[in-house]
Amino acid sequence: MSIIDGIKSEIIEKISAGYKEAVSNGSLPETDENIDISSLAKLEVPKDKSHGDFACNIAMVLAKQLKTAPRKIADAITSNIDKSGDIKDIEVAGAGFINFYLAPDWLYRTMESIEKEGSDYGKIDLGKGKKVMVEFVSANPTGPMHMGNARGGALGDCLASVLEYAGYDVTREFYINDAGNQIEKFGKSLSARYIQQLKGEDAVEFPEDGYQGGDITEHAKEFIKLYGDKYLDCGEDERKQALIDYALEKNISALKTDLEKYRINYDVWFRESLLHKNGEVTSAIERLRKNGYTYDEDGAVWLNCEKMGLEKNEVLVRQNGIPTYFAADIAYHINKLETRNFDLAINIWGADHHGHVARMKNALSAVGIDSGRLEIVLMQLVRLMQDGEIVRMSKRTGKAITLNDLLEDVSIDAARFFFNMRGAGSHLDFDLSLAKEQSNDNPVFYVQYAHARICGILSLLSEEGINVKPYAEIKPELLTDETELDLLKKLSDLPEEIRISAESLEPSKMTRYVMDLASAFHTFYNACRVNVEDEDLRDCRMKLIDCTRQVIAGVLNMLKITAPEKM
């Protein structure tokens with residue numbers, strides 16, 4: 001349990017004891033109901049620091065049951081609370097809020113926790129080892145990754161890290177769509193370009209809905225280098241399959257390389273084709289049929305979404321007998337939650353999949369799986385901006401900007417940080433100019449500079465033979481300046497921030513936290529010298545900034561962003 005959790009438990013216990021004492025001595029009326037104060041009392045951190053460290057609205061919650069004014073309830077409880085331990089003062093404010101002011105001792109103990117826990121500081125046991133799969137990016141393997149994939153990669157990978165810090169057993173997974181319509185279209189496009197390369201542009205018409213990218217032509221050229229005209233006069237299906245087998249593996253290999261460069265390493269690369277090969281798609285459709293959720297019409301098999309309370313029914317098997325992507329997706333989620341038995345599956349999807357969420361959850365319910373075990377994070381679009389203008393094309397290729405193009409222009413640190421600066425549900429403007437700026441206006445630079453500045457201070461002092469002392473050898477009570485206490489408070493917030501981030505599935509909260517921590521450090525640095533004549537105070541401040549260095553590095557490491565010692 002973190003220090004802050006321990007204090008919150010202590011305060012709630014004292015509120016409960018104060019309430020019982022107030023009822024016992026007649027300050028509050030007795031009721032026939034068994035009121036559990038421990039479950040009703042909620043603590044919040046007031047926005048205004050003058051209102052204390054924690055505030056509780058228990059008096060408002062009890063007013064109806066006790067038929068007593070909240071202010072009177074609050075006064076009765078506070079009059080009977082034991083004010084020892086970490087509580088310095090209590091006041092009743094407004095209509096009946098109980099505000100708690102803590103002695104700074106608990107803040108000082110934060111430094112002891114950071115020293116003791118090291119790189120594990122901030123980790124919590126919210127997940128209790130539950131198995132969670134985070135599936136993200138899953139870009140179509142028929143071409144390179146675009147900006148949406150770049151944002152999804154940063155969000156998914158950082159969310160997975162947050163969940164690991166929160167005590168979950170996390171698996172990162174990439175779903176390879178190597179079956180279905182898009183692969184058929186991929187094969188037709190490759191086949192047409194192959195024939196055109198050998199016999200000329202007019203030899204065959206390019207498919208109207210084919211993939212027009214230059215990468216298709218490049219694949220055809222490379223294939224010809226290996227096999228020449230071997231597949232020119234064979235059947236269309238044989239030619240297509242040979243080209244798909246060649247080009248698809250090249251594309252998947254390129255996806256892996258690009259994502260590893262982006263510091264994303266997946267535990268599992270799961271192929272859609274396996275679901276078809278193993279009969280899992282057919283099995284999923286049969287389960288839906290058995291449970292009364294399918295019907296046949298016009299030679300196709302349909303999912304009866306109207307029976308689920310949705311507006312539009314969906315095709316599961318087309319007239320040509322080929323299952324739809326949706327049918328395979330249902331089978332995939334059965335595989336996640338039943339075959340591989342993950343406690344929770346989390347998908348990062350583009351906002352354009354909004355309508356797919358209810359269909360997928362209802363389909364899981366229809367096969368008897370608790371749809372609450374599937375969480376879907378919808379991610380809004382990204383706009384690249386440069387000097388106030390929208391950037392759509394790569395300067396190098398004149399085509400849509402890919403992840404590789406972006407990482408040639410800005411650092412991986414900047415890309416991962418910027419993509420995580422706003423919640424997934426918010427549109428994001430990625431400012432290329434700002435991402436490259438070496439100034440405090442650039443948020444990733446601002447955070448990294450705080451870390452490097454601390455390293456620089458400690459290094460200079462070390463050269464003078466002055467090193468950071470263990471917590472047991474300093475006098476933390478000397479840290480009384482408001483900026484020192486604010487910095488300590490921000491350090492103490494990390495476990496709670498990880499909890500909130502994990503519960504809300506919002507890794508951007510960690511980016512915001514480390515920016516606020518850097519800001520608290522810079523404010524402290526501008527107000528307080530570290531290398532002062534008073535050796536005891538100097539030792540305390542050295543310990544404080546060393547703890548700050550460690551926490552900044554830990555959060556950046558969680559986000560897979562470097563923490564430089566020099567800048």
Side-chain angles (χ1 to χ4, degrees), residues 119 121-124 134 136-137 147-148 150-166 170 172 262-264 346 348 377-385 406-407 410-432 434-437 439-452 487 489-523 548-564 567:
S119 59
Y121 175 71
K123 291 183 178 178
I124 58 175
V134 184
F136 58 105
V137 179
M147 281 302 97
R151 187 183 190 192
L155 284 171
D157 198 37
C158 293
L159 174 58
S161 293
V162 167
L163 292 169
E164 285 170 335
Y165 269 63
V170 180
R172 292 165 171 82
Y262 198 32
R263 300 175 189 152
I264 298 174
I346 300 170
I348 311 288
V377 176
L378 291 176
M379 175 189 67
Q380 292 291 346
L381 296 173
V382 180
R383 287 194 313 180
L384 283 185
M385 308 293 292
L406 178 71
L407 297 184
V410 302
S411 70
I412 298 165
D413 286 343
R416 289 184 66 100
F417 198 98
F418 274 54
F419 280 129
N420 255 308
M421 279 176 57
R422 305 199 60 184
S426 301
H427 286 276
L428 178 70
D429 284 347
F430 190 114
D431 189 331
L432 286 166
L434 183 60
K436 290 183 280 189
E437 220 173 82
S439 79
N440 283 340
D441 292 331
N442 178 347
V444 68
F445 179 89
Y446 182 72
V447 171
Q448 289 176 320
Y449 183 57
H451 182 268
L487 184 51
K489 178 67 171 66
K490 187 51 67 176
L491 291 171
S492 76
D493 286 342
L494 180 59
E496 179 68 3
E497 292 288 342
I498 288 172
R499 184 189 66 76
I500 293 169
S501 185
E503 287 180 341
S504 63
L505 306 182
E506 278 291 4
S508 62
K509 292 185 184 298
M510 298 315 305
T511 314
R512 171 54 56 190
Y513 168 77
V514 78
M515 288 168 66
D516 289 344
L517 178 58
S519 176
F521 164 72
H522 288 303
T523 302
T548 305
R549 173 198 62 76
Q550 187 172 310
V551 171
I552 290 174
V555 176
L556 290 179
N557 181 60
M558 181 198 299
L559 303 173
K560 293 183 189 168
I561 293 166
T562 61
M567 287 179 75

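The structure presented is a predicted model; accordingly, all values stated were derived computationally and were not measured.
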With side chains defined as the heavy atoms from C-beta onward, is the minimum distance between I500 and Y513 less than 4.5 Å? no
Decide yes or no on side chain to side chain contact (heavy atoms under 4.5 Å, CB included) for F430 and L406, but give the supporting numbers first. CA-CA 11 Å; F430 190 114; L406 178 71; 4.3 Å; yes
Side-chain donor/acceptor of Y121 to backbone N/O of L494, under 3.5 Å: no
Separation between CE of M558 and CD of E164, rounded to the nearest 0.5 Å: 9.5 Å
Would you say the side chain of L487 lies within less than 4.5 Å of the side chain of T548, judging by non-hydrogen atoms? yes
Flag, side chain of Q380 to backbone of L428, donor-acceptor distance under 3.5 Å: no
What's the spacing between D516 CG and D493 CG if we round to 0.5 Å? 9.0 Å
Is there a side-chain contact between F418 and L432 in this structure, where contact means two heavy atoms from C-beta onward sitting under 4.5 Å apart? no
Can you see which heavy atom on Y165 is nearest to which on G554, and at what distance? OH-O, 3.6 Å
Minimum heavy-atom separation for I264 to A154, with atom names? CD1-N, 4.4 Å
S501 to V162 - nearest heavy-atom pair and separation: OG-CG1, 3.6 Å
Could you tell me the separation between the CE atom of M421 and the CG atom of D431, rounded to the nearest 0.5 Å? 9.5 Å
Within 6.0 angstrom of K490 NZ, more than 12 heavy atoms from elsewhere: yes
Walk me through it: do L163 and V134 pass the test side chain to side chain contact (heavy atoms under 4.5 Å, CB included)? CA-CA 10 Å; L163 292 169; V134 184; 4.0 Å; yes
Apply side chain to side chain contact (heavy atoms under 4.5 Å, CB included) to residues L517 and V447 and explain how you reach the verdict. CA-CA 8 Å; L517 178 58; V447 171; over 6 Å; no
If we only count heavy atoms from C-beta on, is the S161 to R172 side-chain gap below 4.5 Å? yes
Closest approach of A518 to A450 (non-hydrogen atoms, all atoms of both residues): CB-CB, 3.9 Å
Please report the shortest heavy-atom distance between S492 and K489, naming the atom on each side. OG-O, 2.6 Å
Atom pair CG (L434) and CD (E437), whose distance is rounded to the nearest 0.5 Å: 5.5 Å
K509 vs S504 side-chain heavy atoms within contact, under 4.5 Å: yes
Could you walk me through whether V551 and F521 pass the side chain to side chain contact (heavy atoms under 4.5 Å, CB included) check? CA-CA 11 Å; V551 171; F521 164 72; over 6 Å; no
Which value, rounded to the nearest 0.5 Å, describes the distance between N420 atom CG and E506 atom CD? 9.0 Å
How close do A435 and A414 get, heavy atom to heavy atom, and via which atoms? O-CB, 3.7 Å
Does the T562 side chain pair with the main chain of P564, one donor and one acceptor, at a distance under 3.5 Å? no
How long is the span from the CG atom in L159 to the CZ atom in F136, to the nearest 0.5 Å? 9.0 Å
Does S519 use its side chain to pair, donor to acceptor, with the backbone of M515 at less than 3.5 Å? no
Other residues, nucleotides and ligands only: do more than 12 of their heavy atoms fall within 6.0 Å of OH on Y449? no
Look at the aromatic rings of F419 and Y262 and report parallel, tilted or perpendicular, splitting at 30° and 60°. perpendicular
Examine the side chains of T511 and R416 and answer whether a donor and an acceptor come within less than 3.5 Å of each other. no
Presence of salt bridge, D413 and R263, under 4.0 angstrom: yes
